[in-house]
4 protein chains.
Amino acid sequence: MQPNPGSSELTFTEAARRKQIVAAAIETIAELGYAKASFVQIAKRAGLSSPGLISYHFANKDDLIEQVVAEIYGAGGAVITMHNEGAVSAWQGLRGYLEGSVAYYDSHRTYMRALVHILQGHPDALGRWVGANNVAELDAVEELLVRGQRAGEFREFDTRTVALIIRQMLSGTLQHLLTRPDVDLTDYTHELVAMCEHALVAPEGKTND
Amino acid sequence: MQPNPGSSELTFTEAARRKQIVAAAIETIAELGYAKASFVQIAKRAGLSSPGLISYHFANKDDLIEQVVAEIYGAGGAVITMHNEGAVSAWQGLRGYLEGSVAYYDSHRTYMRALVHILQGHPDALGRWVGANNVAELDAVEELLVRGQRAGEFREFDTRTVALIIRQMLSGTLQHLLTRPDVDLTDYTHELVAMCEHALVAPEGKTND
Amino acid sequence: MQPNPGSSELTFTEAARRKQIVAAAIETIAELGYAKASFVQIAKRAGLSSPGLISYHFANKDDLIEQVVAEIYGAGGAVITMHNEGAVSAWQGLRGYLEGSVAYYDSHRTYMRALVHILQGHPDALGRWVGANNVAELDAVEELLVRGQRAGEFREFDTRTVALIIRQMLSGTLQHLLTRPDVDLTDYTHELVAMCEHALVAPEGKTND
Amino acid sequence: MQPNPGSSELTFTEAARRKQIVAAAIETIAELGYAKASFVQIAKRAGLSSPGLISYHFANKDDLIEQVVAEIYGAGGAVITMHNEGAVSAWQGLRGYLEGSVAYYDSHRTYMRALVHILQGHPDALGRWVGANNVAELDAVEELLVRGQRAGEFREFDTRTVALIIRQMLSGTLQHLLTRPDVDLTDYTHELVAMCEHALVAPEGKTND
DNA sequence: GATGAATGAGTGTTCATTCAT
DNA sequence: CATGAATGAACACTCATTCAT
């Protein structure tokens, strides 16, 4: 039976167990991929006596995955806002976002790998858990782009579409980072930033555009 | 008995059945994702009496998937070469590649969706069936970039890394296209091409465009 | 449909096909064992286009195996009688039977291996096809033993039981020969014959050997 | 989850279930033979709800069979050593071994039948589980023969080969016992022992028997 | 006579989930 | 709270056999 049915309060031990299981699930998914991350494997990595314990603490496999996604996003929620603050130019803000994101991916490879695997393996992880976060991040990027256009920093383009493309470039970077763990990120990030700078920043003469 | 072991000749009916099953597999994978595309589901969509019939015509599930990938790549093999020919400028070549790719993705959504699902779901589809094609395509892009740099069309950058990023942008486009089937591709492609143009074409080189 | 239902006459081609299939079955069973000797494997070795052809020529798998056993016994039926003739002593007759059997096993390894595999793998091959042959052979051995006892060559013993034990020794020899193909049969047979001689021949009877 | 991976400690119930399944497996194999002893049949005889439960308690079918063989050998491990002790003559030791073995076969017919079926049906049961035991038993017999020769009890012969033949005689006895359950073992054993005595014991050595 | 395609029951094994203790 | 045992559906794959052509 689900503990505390209908209640949102969790015992201390209960909360600890859930965290432990979520952590083991992240580790397992990152290591084996979503398809092979069975309860048995997760329980083994969590040092649990039985996969039944996972079912005891989580209503569903989907419920567990939902918590996993929440944990991953919770750990990285500060990323985009962090670099968006301060009285810097829009381009500096965007550059910070790009570099910050890549650095974050680099330093949270296990989490990111798990997230990517979930997105790839779960039928509709995107729609149910990840989509909203993506939209929020996309909004933040677009806001930056709008600010840059208003300030004359950026050339004219459709901000929503370009925000989307920038997000996709970062997704591509993450994929590449996870696939080729030995990639030289400094060089890679340098080219990425350069491409975006040339792609978006308006030439000097355009200031009054 | 496995039909025609070690031979490349296939009966007419045999070839037809294989095509039919491959088609049903593509359809099923595109619809349900790789994980849930079991022989039972594929057989159901192919109108077969039993999943055993698939095992009769294909040695393995991997064998079937290999044929699926072959069919998908076979149908689109002309894409990259098509746009690389002609005495056009490097940028025109690249623009053609970008627009051609997007148009191809658009017109082969089911195939592309299946391919993406296989890449995401199969443990090492990338290494066994897709990797080589990707490298070839990457090489073609890089060659274009090198040509453009030599001709002074393109600014200086690391051609390999930028080729990679361009491929990733297209991957992102495909993902987006499959996720949001109602996207306005004309606008999207326009922005994508514009971004790449600004990102790569050298300022003085724009005159002879 | 079974060809020539209710008739015992076989077409020439029909008979040839059956022989061919039986031969392939023997080869297959000897090589793979009974359990893995499927129609597919047999058809492959016989160069047949389909396992269905076997079902066409034989009513059953059991029917095929029955013919296989018949072929094997038919090829070796002369063995025991061959050495039982001539006005030799009983012991010489027995010795000839022992040595002849071992030699026969040695020169018909594939047939013998197939027969052993069938006996081991088929639920009741013994009762249905092999038992009668064994009894016949056993009778022949016993007859020899009785003759020897009457002539005073052999000591007193229960002839049926000892005949059985002698048969079992030969079975053991066959097993050993098939398991360890590199065994030195000369030495082995020498010891086997010596054991039987000491075991059966009456002390005073040795003089006229 | 596979219970207690890598540990030798078993829960009480777990151990009981394993024993129960092993027992049912022995029963099933003895009754149906190895080929037809599927998990479904074993589960049916064990009163289990599903064949999956067997996979839950044993890693493999091979794992189960290994435990079955272990159980069978474990139950009869004392046989050969039992009769080899005491300051008796080599011949008395051998006679004890023969009689003891036959008596053991007689009193453990189901176990022996299962063992024989496994040896006949499993591709390499001999090499993996049984071979070592056979060699050990063969060594023990040979040791006895060597002792007897040194003491002048036995005539000259190649001890290895004769040990092998003696083992084969016992195998033959077992086969016969399982095939004809109504055999008069007293008579049979008497003849077997007599044959071996005449075959091996040196004429002059009989005096101090 | 022969072919190749098809059938459907059967195999061992994995899995999320349930539940008595 | 936690355990370990159990469940039953699902999986890919093999097999002897059937049958239209």
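So you know, we letter chains A, B, ... as the sequences are listed, proteins then strands, and number each from 1. Basis for what follows: all heavy atoms, side chains included, without hydrogens, waters or symmetry-related copies.
The phosphate of F/dT17 has OP1 or OP2 within less than 4.0 Å of a side-chain N or O from C/N60. Not one side-chain nitrogen or oxygen of D/R17 sits closer than 4.0 Å to the OP1 or OP2 atom of F/dA5. Contact between the side-chain N/O atoms of C/H57 and the OP1/OP2 oxygens of E/dA2 is found at a separation under 4.0 Å.
Atom pair D/K61:NZ and F/dC13:P shows a separation of 19 Å (rounding to whole Å applied). Rounded to an integer number of Å, the gap from C/I54 CD1 to E/dG4 P is 14 Å. Atoms OH (A/Y56) and P (F/dA5) sit 19 Å apart, rounded to a whole Å.
Both distances falling under 3.5 Å, in either a Watson-Crick or a G-U wobble arrangement, place E/dA20 opposite F/dT3.
For A/S49 against F/dG4, a side-chain-to-base donor-acceptor contact under 3.5 Å is absent.
With distances taken from any side-chain atom of D/T11 to the nucleotides F/dG4, F/dG8, F/dC13, the minimum falls on F/dG4. Each of F/dC1, E/dA6, F/dA16 was ranked by its minimum atom distance to the side chain of A/E14; first place goes to F/dC1. Nearest nucleotide to the side chain of C/S55, out of E/dG1, F/dT18, F/dT14: F/dT18.
Mapping D/S50 and B/G52 onto DNA chain E via the closest heavy atom, the residue that lands nearer the 5' end is B/G52. Mapping A/A37 and B/T13 onto DNA chain E by nearest heavy atom places B/T13 at the nucleotide closer to the 5' end. Between B/V40 and C/A35, the residue anchored nearer the 5' end of DNA chain F, judged by the nucleotide with its closest heavy atom, is B/V40.
Taking the C1' atom of each, E/dG1 and F/dT21 are spaced 12 Å apart, rounded to whole Å.
In this structure, D/W129 and D/H122 have tilted ring planes: the angle between them lies in the 30° to 60° band.
Judged purely by distance below 3.5 Å, without hydrogens or angles, the side chains of C/Y111 and C/E71 pair a donor atom with an acceptor atom.
The minimum heavy-atom distance linking A/A114 with A/I29 is given by the pair O-CG2, 3.7 Å.
Salt bridge annotation for D/R113-D/E31: absent, with no cationic side-chain nitrogen under 4.0 angstrom from a carboxylate oxygen.
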